[in-house]
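First the structure, in the form of structure tokens, and then the observations on it.
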Amino acid sequence: MSIKISYSKQSTGKSSSNLVLFSNDKFSTSGLKKYLSNPELTYINDILKTSDVKKNLLVFELSSKKKIILISIKNNSKNFDYENLGAEFFGSINYGKNSEYFLNSDSVINNQENFLGHFLHGLKLKSYEFTKYKTKKETRIISINIFGKKNKPSTQNQLKFKALEEGTFYARDLVSEPGNVLHPDEYARRLSSLKKDGLKVNIYDKAKLKKLGMNALLGVGMGSVRGSYLVTIEWNGIKNNSKPLAFVGKGVTFDTGGYSLKPARFMEDMTYDMAGSAAVVGLMKSLALRKAKINAVGVVGLVENMVSGIAQRPGDIVKSYSGKTIEVLNTDAEGRLVLADAITFTERKFKPRFIVDLATLTGAIIVCLGSEYAGLFSNDDKLSNQLFKAGETVEEKLWRMPLHKNYDKLMNSKNADMQNINYVGGAGSTTAAQFLQRFILNKTPWAHLDIAGMAFSKYGGALNSRGATGFGVRLLNQLIEENYE
């Protein structure tokens with residue numbers, strides 16, 4: 001299925017077969033008289049009088065050949081409300097037989113600035129499907145013909161929305177791929193192709209990582225026949241030497257848990273354990289496509305956590321890129337090992353203004369926050385507040401969780417500088433973040449986003465069908481757009 005959108009300033013008249021109109025939060029039809037015939041208006045008003053209207057969208061089947069969709073725009077709505085309306089509209093037309101709709105932009109209430117851009121953005125985000133491996137693909141095209149003189153998004157906004165959609169879809173595609181296809185070797189190859197978008201891509205393979213001393217990351221991938229990689233993706237949108245913004249992602253393409261083996265039930269979901277890296281990649285693609293006026297770098301660690309005769313064992317001790325030693329008590333606490341080396345490398349090489357890392361790191365964050373909020377941990381109040389506000393703006397919500405030096409003792413090891421898991425119990429997400437904080441060596445502002453509950457949805461969300469969500473792409477773009485461009 002694909003969505004085709006066209007614009008026209010000409011009115012299509014009152015005879016459009018599938019007409020989309022907008023109203024206020026009370027479904028008032030007083031402003032719609034010029035778009036409807038008297039019998040149609042009378043019919044709709046009669047239905048509204050006898051119905052207990054609690055929905056945002058009403059469908060009126062006037063005949064076998066004509067349908068009117070009336071959409072309510074509530075007062076004091078935010079941009080994400082408009083996007084949710086667009087997604088709801090898509091849901092109402094997705095399963096119908098009709099494939100062509102005429103949307104009257106002049107019926108939009110005057111004070112809804114840029115409503116249409118956000119409405120269509122939500123529609124497109126909701127329309128995403130991953131059908132690559134379906135042998136029978138639906139070829140249906142839904143045409144949205146927009147007519148009227150108001151609310152057409154500016155060229156700049158159209159470019160921004162398109163870039164965000166492509167970045168989000170790219171992230172969703174990566175997360176949706178099965179583990180036998182998107183292993184680290186293939187993932188690194190795909191990232192190399194981003195050069196065509198104007199991004200600078202450097203791939204560090206196993207030999208280079210070993211030379212650099214990234215033994216924490218390499219230890220996770222030891223049991224796999226596939227390679228292990230660190231990939232840097234740079235966007236230079238301003239031609240100066242300003243410090244870049246840095247984003248780091250966990251890219252465990254499949255996670256068996258290693259010798260600390262996961263239960264078989266739901267292990268198939270571990271293909272999305274690379275969703276943090278996918279969000280970083282999708283963000284970098286979006287920044288390049290919309291020619292963002294900022295310097296930024298994305299860094300992703302790509303590994304596969306498997307069981308084999310040479311896999312890492314519980315009790316092994318590794319020396320990280322930072323020089324700090326780690327006792328690996330649980331091989332299923334592997335994401336933090338990948339991020340540890342990636343974070344220190346990013347700080348040393350790029351000397352960024354800040355570092356934000358994203359990872360499906362702990363099940364404990366789902367216990368805390370479910371699938372409504374991602375966990376936010378930070379050593380910097382300014383960065384934390386910026387992220388929180390950006391999340392509220394695009395409705396990719398964050399909730400700040402505590403960090404405190406008293407948690408450090410839970411991660412101290414008697415045999416090494418630290419251990420990779422807290423066996424005392426409790427505070428699983430905080431102790432994981434506390435572990436990561438040790439690899440910020442130069443007091444760089446840093447935030448860790450634990451997106452385990454947000455990266456994949458079994459039931460679907462407001463702007464996504466079930467499956468990969470692309471969480472983080474729009475959030476981090478908003479952070480940049482609002483504070484750093």
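Predicted, not measured: the structure shown is a model, and the values here were computed from it.
- For Thr430 against Phe377, the heavy-atom pair with the smallest separation is OG1-CE2, 3.5 Å.
- By the salt bridge (Lys or Arg N to Asp or Glu O under 4.0 Å) test, Lys160 is found to be paired with Glu481, residues two or more places apart in sequence or in another chain being considered.
- Asn420 contributes a side-chain N or O that, together with a main-chain N or O of Ala333, makes up a donor-acceptor pair within less than 3.5 Å.
- The heavy-atom pair separating Leu361 from Ala432 by the smallest distance is CD2-CB, 3.7 Å.
- Residues Tyr204 and Val231 fail the side-chain proximity criterion, which asks for heavy atoms closer than 4.5 Å.
- Of the N and O atoms on the side chains of Arg172 and Asn464, not one donor lies less than 3.5 Å from an acceptor on the other residue.
- Judged by distance alone, with hydrogens and angles left aside, the side-chain atoms of Glu396 form a donor-acceptor pair with the main-chain N or O of Leu475 at under 3.5 Å.
- Every residue was checked against the ring-ring contact (aromatic ring centres under 6.0 Å, His included) condition with Phe80, not counting sequence neighbours, and none meets it.
- In this structure, the separation between NZ on Lys200 and CH2 on Trp235 is 13.5 Å, given to the nearest 0.5 Å.
- Listed by first and then second residue, the ring-ring contact (aromatic ring centres under 6.0 Å, His included) pairs that reach into residues 462-485 are Phe354-Tyr484, sequence neighbours excluded.
- When atom types are taken as modelled, the side chain of Ser457 and the backbone of Arg466 share no donor-acceptor pair closer than 3.5 angstrom.
- Panel note: side chain Lys66, backbone Ser17; no donor-acceptor pair is recorded below 3.5 Å.
- Judged by distance alone, the side chain of Ser99 and the main-chain N or O of Ile142 form no donor-acceptor pair under 3.5 Å.
- For the pair Val280 and Val299, the minimum side-chain heavy-atom distance is 4.5 Å or more.
- Not one N or O on the side chain of Ser23 forms a donor-acceptor pair closer than 3.5 Å with the backbone of Ile71.
- Looking only at atom types and distance, the side chain of Arg474 has no donor-acceptor partner in the side chain of Thr168 under 3.5 Å away.
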**Verdict with reasoning, His448 to Ile343, per side chain to side chain contact (heavy atoms under 4.5 Å, CB included)** = CA-CA 10 Å; His448 160 61; Ile343 286 170; over 6 Å; no
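- Considering all non-hydrogen atoms of both residues, Val248 and Ala342 come closest at CG1-CB, 3.7 Å.
- Applying the side chain to side chain donor-acceptor pair (under 3.5 Å) definition to pairs two or more places apart or across chains, those involving residues 186-195 are Glu177-Arg190, Glu186-Arg189, Glu186-Arg190, Tyr187-Ser277.
- Under 3.5 Å, the side chains of Asn18 and Glu100 contain no donor-acceptor pair of N or O atoms.
- In summary, of the residues considered (Glu165, Glu83, Gln158, Lys126), a side chain to side chain donor-acceptor pair (under 3.5 Å) with His121 occurs for Glu165 alone.
- Considering only heavy atoms from C-beta on, His183 stays 4.5 Å or farther from Asn180 through its side chain.
- With sequence neighbours excluded, the residues forming a salt bridge (Lys or Arg N to Asp or Glu O under 4.0 Å) with Lys397 are Glu372, listed by chain and number.
- No side-chain donor from either of Gln434 and Asn422 sits under 3.5 Å from a side-chain acceptor of the other.
- The ring-ring contact (aromatic ring centres under 6.0 Å, His included) with Tyr82 is formed by just one residue from the set Phe115, Phe119, Phe89, Phe22; it is Phe115.
- Within the 4.5 Å cutoff, side-chain heavy atoms of Met401 are placed close to those of Cys368.
- For Asp341, there are no salt bridge (Lys or Arg N to Asp or Glu O under 4.0 Å) partners two or more places apart in sequence or in a different chain.
- A donor-acceptor contact shorter than 3.5 Å links the side chain of Thr331 to the backbone of Ser260.
- For the 3.5 Å distance criterion, the side chains of Thr362 and Asp450 qualify, holding a donor opposite an acceptor.
- Atoms CG and CG, on Leu287 and Asp197 in that order, are 11.5 Å from each other to the nearest 0.5 Å.
- Considering only residues two or more places apart in sequence or on other chains, Ser224 meets the side-chain hydrogen bond (donor to acceptor under 3.5 Å, both in side chains) condition with Glu304.
- Put simply, the side chain of Phe247 does not reach to within 4.5 Å of the side chain of Ile355, judged on heavy atoms.
- The minimum heavy-atom distance between Phe90 and Leu123, with the atom names listed, is CB-CG, 4.0 Å.
- Judged purely by distance below 3.5 Å, without hydrogens or angles, the side chains of Thr256 and Asn305 never pair a donor atom with an acceptor atom.
- Here the side chains of Leu194 and Met284 are not in contact, with every heavy-atom distance at 4.5 Å or above.
- Contact check for Leu85 versus Leu57: no side-chain heavy atoms found under the 4.5 Å cut-off.
- Enclosure of atom NZ in Lys132 by more than 12 non-hydrogen atoms of other residues, nucleotides or ligands within 6.0 angstrom is indicated.
- Using modelled atom types, one side-chain atom of Lys250 and one backbone atom of Thr360 make a donor-acceptor pair closer than 3.5 Å.
- Taken to the nearest 0.5 Å, the CG atom of Asp81 stands 11.0 Å off from the CD atom of Glu88.
- Here the closest non-hydrogen pair linking Leu398 and Leu387 is CD1-O, 3.5 Å.
- Atom CG of Leu103 sits about 7.5 Å away from atom CZ of Phe147, to the nearest 0.5 Å.
- Put simply, the side chain of Asn56 does not reach to within 4.5 Å of the side chain of Asn84, judged on heavy atoms.
- In this structure a side-chain-to-backbone donor-acceptor pair under 3.5 Å is missing from Asp173 to Tyr170.
- Within the 3.5 Å criterion, the main-chain N or O of Gly453 finds a donor-acceptor partner in the side chain of Ser371.
- Take Phe388 and apply the ring-ring contact (aromatic ring centres under 6.0 Å, His included) test, not counting sequence neighbours, and it matches no residue.
- Distance check: Leu463 CG to Thr469 OG1 gives 10.0 Å after rounding to the nearest 0.5 Å.
- Residues forming a side chain to side chain contact (heavy atoms under 4.5 Å, CB included) with Ile5 (at least two apart in sequence, or on another chain): Ile3, Tyr7, Leu120, Lys124, Ile144, Ile146.
- Of all the heavy atoms in Leu358 and Leu476, the pair that sits closest is CD1-CD1, 3.7 Å.
- Looking at residues two or more places apart in sequence or on another chain, you find no ring-ring contact (aromatic ring centres under 6.0 Å, His included) involving Phe254.
- The number of heavy-atom neighbours closer than 6.0 Å to NZ of Lys196, taken from other residues, nucleotides and ligands shown, is above 12.
- Heavy-atom contacts from other residues, nucleotides or ligands closer than 6.0 Å to CD1 of Ile141 number 12 or fewer.
- Residues passing the ring-ring contact (aromatic ring centres under 6.0 Å, His included) test with Tyr272 are Phe456, sequence neighbours excluded.
- With sequence neighbours left out, the salt bridge (Lys or Arg N to Asp or Glu O under 4.0 Å) criterion links Asp269 to Lys458.
- To the nearest 0.5 Å, atoms OG (Ser72) and NZ (Lys55) are separated by 13.0 Å.
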